[in-house]
Q: 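Got a structure for you, questions after.
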2 protein chains.
Amino acid sequence: MNFKSKNTKKELNPNVSVDCVIFGFDLSQLYVLLIDSGNTEDYKQSRMAVPGDLIYDTENLDEAARRVLKELTGIENIYLEQIGAFGDPDRIGKKESDRKWLESIRAQPEARVITVAYYSLVKMPNFNPKASSFAKSAGWTAISEVNELAFDHYEILESALEQLKRKIKIQPIGFNLLPEKFTLSQLHKLYECILGKDLDKRNFRRKILNLNILTDLEEKQIGVPHKPSQLFKFNEENYNKLSLEGFDNFGF
Amino acid sequence: MNFKSKNTKKELNPNVSVDCVIFGFDLSQLYVLLIDSGNTEDYKQSRMAVPGDLIYDTENLDEAARRVLKELTGIENIYLEQIGAFGDPDRIGKKESDRKWLESIRAQPEARVITVAYYSLVKMPNFNPKASSFAKSAGWTAISEVNELAFDHYEILESALEQLKRKIKIQPIGFNLLPEKFTLSQLHKLYECILGKDLDKRNFRRKILNLNILTDLEEKQIGVPHKPSQLFKFNEENYNKLSLEGFDNFGF
DNA sequence: TAGCTATGTGTCTTTTGAACACTATCAAAT
DNA sequence: ATTTGATAGTGTTCAAAAGACACATAGCTA
């Protein structure tokens, strides 16, 4: 999405921010992209946060989220969905370490800020998180290793995961996390990771194939030390058709 | 919920508002509570809006929504759920009539305002909408009659309905729209209205009863010109039990 | 007492979900 | 050359849920 300012002077709105929970998948685990405040006085976890920024008065919320994503990852056209707004009056000022961080990055660190949270899905290998105006460093953390985050970001992450779980049962958005060519086992593993439970292999394969949204590439894995798996790609045409008709449930 | 300000001076935040889509049901149709700007120069529909207000810097978003609901309806403890944030830079300034209205109610009518939308469910007969600081008049409009609203409120209403549809399949929140004592036919009609489609009577009754969340009051309608219906009430205890176990789907 | 209106009830068929175990194919190690 | 380890791939059966469908009942009214 192209963001074009309508005013020459773009002003940050001191009261509204966006935060983006960026999910990745390395074919065995789910990850989230976190930035580091660089504040060395505190434990590592509490210095980590979900990337975000104040919005400009000229851009809409989705645009702001895409701007943050682009600055951080260089990627455009990413799957993006709003989670909702988080607005406790003291959501960003509870911890001493949070306040210090704010003082270092915000013109008005005491302002009351409500944030609009998003989650997005990216193909992990496609990109390298960069340092940016709002992040000294950025990197992937396995979801299972996240215990504590700055501000109310842990709560935001939980909401993101919840929404992702709900959504993936209704729409095959998981393809955004996989490489172009993938195996059914990888897709299977992805669903298990997101839903946090085991799924029967045969039942999974049957259901997915019955949706007719996969194209068999008639190509196999090479160099793997076991029976090579058939490769598939996502069939966009059939998926779009199916979306229009409306389908309710993957049924997991 | 009791809202208690932590500061003596409560200040409205000029950049963030809440808007509440309030649904009601009169046993035959779904309604939404709309307020009237009182601006007489334009068509009726475009003067109507969903009630809302700027937030105070001391309250959180849910509190702000409850405050709006209380001011308008006098009711507390209402079912309330966030829909999400709406924040196009020009969402409130597109139409001339919108701008006039804003000038009459806002200290900074030109400010860029993002809004956090909520929907809530109320028992229609329980209450009378009142005029308030932000509404010259307020009243129920059948969903089917709403064509156009001020600002981006039509879009907000559509999102509210969508979310309600999704939610009512997963949780029996519909009880918030019905009187304490209700018949299965009324509940059936409510589901049909919300989902916008016919549901088989016998299948509906079977599914609902199998959930064990209804208590048969062993009491019948009186004075109706047809076979009187059994009355039920919502069994909160069983519902809470069921919620904890987690149930996925009414299956409509 | 006839007519109108909405209530209330059961069965059968089809679809969907869930449980379950063995053979096949490759690479690497011996 | 053979064995080993790792993952891929494949069907059937049983149980549960969804969907389709028609008629007798109870109260009011005219």
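Letters go in sequence order (proteins before strands), and every chain restarts at 1. Only heavy atoms go into these numbers, but all of them, side chains included; no hydrogens, no water, no symmetry mates.
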Q: Using whole Å, report how far CD of A:E219 lies from P of C:dT25.
A: 19 Å

Q: I want to verify a distance call: between C:dA19, C:dA27, D:dT7, whose nearest atom is closest to the A:K227 side chain?
A: D:dT7

Q: By the definition side chain to side chain contact (heavy atoms under 4.5 Å, CB included), identify the one residue from A:I78, A:V21, A:I75, A:T73 that meets it with A:S120.
A: A:I78

Q: Expressed in angstrom and rounded to an integer, what is the separation of A:Q230 atom CD from C:dA24 atom P?
A: 18 Å

Q: Is there a side-chain polar atom (N or O) of B:S185 under 4.0 Å from OP1 or OP2 of C:dT7?
A: yes

Q: Return the value, rounded to whole Å, for the distance between atom NZ of B:K220 and atom C1' of C:dA6.
A: 13 Å

Q: Could you label the plane-to-plane angle of the B:F175 and B:F234 rings as parallel, tilted or perpendicular, counting under 30° as parallel and over 60° as perpendicular?
A: parallel

Q: Under 4.0 Å between any heavy atoms, over every strand shown, what does B:Q221 touch: base, sugar-phosphate, or nothing? Just pick one.
A: nothing

Q: Looking at B:E158, I'd like to know if its CD atom is crowded, meaning that more than 12 non-hydrogen atoms belonging to other residues, nucleotides or ligands lie closer than 6.0 Å.
A: yes

Q: Can you check the B:H188 NE2 to C:dT9 C1' distance for me, whole Å?
A: 15 Å

Q: Any N or O donor-acceptor pair under 3.5 Å from the base of D:dT12 to the side chain of A:R206?
A: yes

Q: Give the nucleotide from the list D:dA6, C:dT5, D:dA20 with an atom nearest to the side chain of B:H226.
A: C:dT5

Q: So which one's nearest nucleotide on DNA chain C is more toward 5', B:P225 or B:L231?
A: B:P225

Q: Is it the case that D:dA18 (base atoms only) and B:D200 (side chain only) share a donor and an acceptor within less than 3.5 Å, ignoring hydrogens and angles?
A: no

Q: Please check the phosphate of D:dG9 (OP1 and OP2 only) for any side-chain N or O of A:R205 closer than 4.0 Å.
A: yes

Q: Spell out, as yes or no, whether a donor-acceptor pair under 3.5 Å connects the side chain of A:H153 to the backbone of A:V50.
A: yes

Q: What is the separation between atom CD on B:Q186 and atom P on C:dG8, rounded to the nearest whole Å?
A: 10 Å

Q: How long is the line joining CZ of A:R202 and C1' of C:dT16, in whole Å?
A: 17 Å

Q: Think A:S229 has a side-chain N or O under 4.0 angstrom from the OP1 or OP2 of D:dG9?
A: yes

Q: Return no unless some side-chain N or O of B:K207 is found under 4.0 Å from OP1 or OP2 of D:dG19.
A: yes

Q: Please report, rounded to the nearest Å, how far the P atom of C:dG8 is from the CG atom of B:L187.
A: 12 Å

Q: Roughly how many Å is it from NZ in A:K201 to C1' in C:dA21, rounded to a whole number?
A: 10 Å

Q: Working to the nearest 0.5 angstrom, can you tell me the gap between A:L177 CG and A:Y79 OH?
A: 10.0 Å

